[in-house]
4 protein chains.
Amino acid sequence: MKKDKKFQIVLDTFSGVPFYKQIIEQIKYGIANKKLTSGFQLPTVRQLAVDLTINSNTVSKAYKELEILGYIETQQGTGTFIGNKKIVISEIERQEKIKSLVREIVNKANLYGITIDEIKKALEEVE
Amino acid sequence: MKKDKKFQIVLDTFSGVPFYKQIIEQIKYGIANKKLTSGFQLPTVRQLAVDLTINSNTVSKAYKELEILGYIETQQGTGTFIGNKKIVISEIERQEKIKSLVREIVNKANLYGITIDEIKKALEEVE
Amino acid sequence: MKKDKKFQIVLDTFSGVPFYKQIIEQIKYGIANKKLTSGFQLPTVRQLAVDLTINSNTVSKAYKELEILGYIETQQGTGTFIGNKKIVISEIERQEKIKSLVREIVNKANLYGITIDEIKKALEEVE
Amino acid sequence: MKKDKKFQIVLDTFSGVPFYKQIIEQIKYGIANKKLTSGFQLPTVRQLAVDLTINSNTVSKAYKELEILGYIETQQGTGTFIGNKKIVISEIERQEKIKSLVREIVNKANLYGITIDEIKKALEEVE
DNA sequence: GTGGTCTAGACCACC
DNA sequence: GTGGTCTAGACCACG
C-alpha cells in the first residue's frame, strides 16, 4: 500500500451506503487522521460532484450536514473549509473498528464460499 | 472457521444494503453453494421475520422476487421451497468477488487508519 | 368501439384479481399493442395510486415486478419508463384469449339466467 | 347451447374469484333459477371436492356460509339440503347483470385488442 | 397453520 | 418532485 499524502474521496457504489454518508464519513476520518487540518479548503460542491461523477445535490447535502455538525465552514463566494473542531479516535475505537471489519470480512467470505486463506493471500498481493 | 452445515441468514444492519436484497443474495448463494437444494423448505415467511426481527412483509418481498426469478416455489398454505433452477458461480466470478472484497477491505482500512497488517493479524486470530 | 389513443389503466374491483396483477397485465398488453412504446414515461407511482384510488405501495409492487421482468425501467428521482423488451402476442394467443373470454361469458350468462341473445343484443347497442 | 337440466357447478380457475365464493354464488343462482328446489340434496362435501378437484375445506366453507345465510340445511349423518328460503331476482337486477357483464366484456376485449365483432362472431358459433 | 394482498404512514435517496 | 424501503396491522385464501 503506497503512502497517500493527498486526501481523496473514494465512493463504493456497491456497498449500498448512500454517497452522501460516505462523503461525510471520509471527511470526518480525514479530520481525525489529521489529513484534513483546520483551514484546508475542500473541493467545491460542483468540482467534487464532477470528480465523483455524482449529482451536485448529493455533495451539497454532505457538506451541509458536516457544517451543521461544525466540522466545516462555508464562506459564501469563497469556498468550504475545514473548521477547528477536532475529532479524536481512541485506540479502543480503532480496535473496535478492526474487530467489526474482520467480522464483516468473515461473514462475506463465508457467504460467497471464499476461504480466509484466499483473502489473506489476496491481501499479501496488494502490498 | 468452523464448518457450517445449517443454512442461516445473517443481516448486516449497518451495510445500508436493503434487508430484502440481503436475503435474496444469501439464498441465491445458498443455492449456488449447494447448501440449499431442490425441494428444501425455506423457513416460513413469518418465522424468518421473527428470526431476523424484521417485518414479515420484508421477507415476503424477498421470497416474491426469488419466485419471479424462478429460484423458489411457493405453495399457498404449505410453504416455500427451493426450485430446480441451478445457479453456477464460475471460478472467474469467485475471483472477481475476492478482488472486490479485498478492494473493499483496503478502502475501509485506509479510511479508518487501519493497516493491512493489523487486518491480517486479526484474521489469523479468527481461525 | 371508438379508437383509444390514450393509455389508461382500469381496475375491476369485483373480479377478485389482485390490483397489482391487473396493472401488470394491462401494462404488458399496452406494450404488446404498441400503445406503450420504449421510452414512454408511465404515470408516477403516487399519481397512478391517486388515479386508481389505491395505495401507492400496490402500484409500486406492480412496477417492481414489471422491472424484474425487464419490461420497464425505473430511474430514482426521475420516473418509470417503458423499456426495450418487446412483447409479441401471436394470433394463436389472440384466438385463445377470444375463446376463453367467450367461455367466461357463456358461463356467467348461464349462471345468471341470461341468454346469449340478450348478450348479443346488448353488445349491438354498445357500438 | 344445450339445455342444462342437471345442476352443475363450474369453477373458473383464472377469474381470481375464490372457489368458495363461486360455489356460493352458483348455488344461490341455482335456487333463484329454480334449478335447485327445497329439499334437493346437494352433493356431499367430499364428493363435490372430488368433482371439482379442490380441497374439501373449501367446499365446507361454502356450505357453512350458505347455511348461515339460511339457504341450505345440514342434517348430521344424512346430508345437505336446499332449504325453504326463496331467492327472487328482479328483472331490474337481471338487466343490471347484463349491463355489467357487457361492460366487462368490452373492457377485456379492449384490453386484449379483440374487437366486439370477433366476440359476437365467436358467440354465434357457440350456439 | 401457510402465503398473499392491501393499507396507512414513516423515512430515505436522488434529481 | 421522483422512486425505494420498511413497519404495523388488517383481512383473505388455502390446507
Side-chain angles (χ1 to χ4, degrees), chain A residues 13 16-24 49 54-62 65, chain B residues 11 13 15-24 41-49 52-67 72-81, chain C residues 11 13 15-24 41-49 52-68 72-81, chain D residues 11 13 15-23 49 52-62 65:
Chain A
T13 316
V17 179
F19 293 159
Y20 84 95
K21 281 194 184 159
Q22 293 187 39
I23 295 171
I24 292 170
I54 59 175
N55 190 282
S56 63
N57 283 332
T58 306
V59 178
S60 198
K61 190 169 180 178
E65 188 157 329
Chain B
L11 293 185
T13 317
S15 73
V17 179
F19 294 160
Y20 85 96
K21 281 195 183 154
Q22 294 187 40
I23 296 172
I24 291 171
Q41 178 166 8
L42 288 167
T44 69
V45 169
R46 286 172 174 84
Q47 187 55 50
L48 188 53
L52 302 177
T53 56
I54 60 175
N55 190 278
S56 65
N57 283 331
T58 305
V59 178
S60 204
K61 191 173 179 179
Y63 279 13
K64 178 81 193 228
E65 180 158 341
L66 284 165
E67 191 181 16
I72 69 177
E73 288 163 12
T74 60
Q75 291 175 18
Q76 261 220 6
T78 317
T80 307
F81 304 84
Chain C
L11 292 185
T13 317
S15 73
V17 178
F19 295 159
Y20 84 96
K21 281 193 183 157
Q22 294 187 40
I23 295 172
I24 291 171
Q41 178 166 8
L42 288 168
T44 68
V45 169
R46 287 173 173 85
Q47 187 56 49
L48 188 52
L52 302 178
T53 56
I54 60 175
N55 190 279
S56 64
N57 283 331
T58 305
V59 178
S60 202
K61 192 173 179 179
Y63 280 12
K64 177 82 192 227
E65 180 157 342
L66 283 165
E67 190 180 17
I68 295 173
I72 70 177
E73 287 162 14
T74 60
Q75 291 175 18
Q76 260 220 8
T78 317
T80 308
F81 303 85
Chain D
L11 294 184
T13 316
S15 72
V17 178
F19 294 158
Y20 85 93
K21 281 192 184 158
Q22 293 188 39
I23 296 172
L52 302 177
T53 57
I54 59 176
N55 191 281
S56 62
N57 283 331
T58 306
V59 178
S60 199
K61 190 170 180 179
E65 185 158 337

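What you see is a predicted model, and the numbers here were worked out from it, not measured in a lab.
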Original post:
Distance from C/R46 atom CZ to C/N55 atom CG, nearest 0.5 Å?
Top reply: 10.5 Å
Original post:
When Watson-Crick pairs (N1 to N3 and N6-O4 or O6-N4) and G-U wobble pairs (N1-O2 and O6-N3) count only below 3.5 Å on both distances, what is the dot-bracket string of DNA chain F, with | for other-strand pairs?
Top reply: ||||||||||||||.
**OP:** Give a yes/no on whether any side-chain N or O of C/T74 is located under 4.0 angstrom from OP1 or OP2 of F/dG3.
**Re:** no
Subject >> Nearest-angstrom distance from the residue atom CG of C/L66 to C1' of F/dG3 >> reply: 15 Å
Original post:
When every nucleotide of nucleotides 7-15 of chain F is labelled 5' to 3' by its protein contacts under 4.0 Å (heavy atoms), B for base, S for sugar-phosphate only, - for none, what sequence of letters results?
Top reply: BBB---BBB
Original post:
Could you state the CD1-C1' distance from B/I24 to F/dC6, rounded to the nearest angstrom?
Top reply: 14 Å
Subject >> d(CD, B/Q22; P, F/dC6) in whole Å >> reply: 8 Å
**OP:** Mind checking side chain to side chain donor-acceptor pair (under 3.5 Å) for A/S56 and listing every partner two or more places apart, or none if nothing turns up?
**Re:** none
Original post:
Going from OH on C/Y20 to CG on C/N57, what distance comes out if it is rounded to the nearest 0.5 angstrom?
Top reply: 13.5 Å
Subject >> Value rounded to 0.5 Å, distance of OH in B/Y63 from CD1 in B/I24 >> reply: 11.5 Å
Original post:
When the distance from CD of B/E73 to P of E/dG4 is rounded to whole Å, what number comes out?
Top reply: 13 Å
Original post:
Can you tell me how far P of E/dG4 sits from CD of C/E65, to the nearest Å?
Top reply: 12 Å
Subject >> C/K64 NZ to E/dT5 C1', straight-line distance once rounded to whole Å >> reply: 17 Å
Original post:
Of all heavy-atom pairs between C/V17 and C/Q22, which one has the smallest distance, and what is that distance?
Top reply: O-NE2, 2.8 Å
Original post:
Which whole-number value in Å describes the distance from B/Q41 CD to E/dG1 P?
Top reply: 15 Å
Original post:
When you check the phosphate oxygens OP1 and OP2 of E/dG3, does a side-chain N or O of B/S60 lie under 4.0 Å from one of them?
Top reply: no
Subject >> Nearest-0.5 Å distance, CD1 of residue B/I23 to CG of residue B/L48 >> reply: 5.5 Å
**OP:** Could you give me the CA-CA distance, side-chain angles and deciding distance for B/V59 and B/F19, then say whether side-chain contact (heavy atoms from CB on, under 4.5 Å) is met?
**Re:** CA-CA 8 Å; B/V59 178; B/F19 294 160; over 6 Å; no
**OP:** Nearest 0.5 Å please: distance from the OG1 atom of C/T80 over to the CD atom of C/Q41.
**Re:** 7.5 Å
Original post:
For the atom pair CD (B/E65) and NZ (C/K64), what is the distance rounded to the nearest 0.5 Å?
Top reply: 5.0 Å
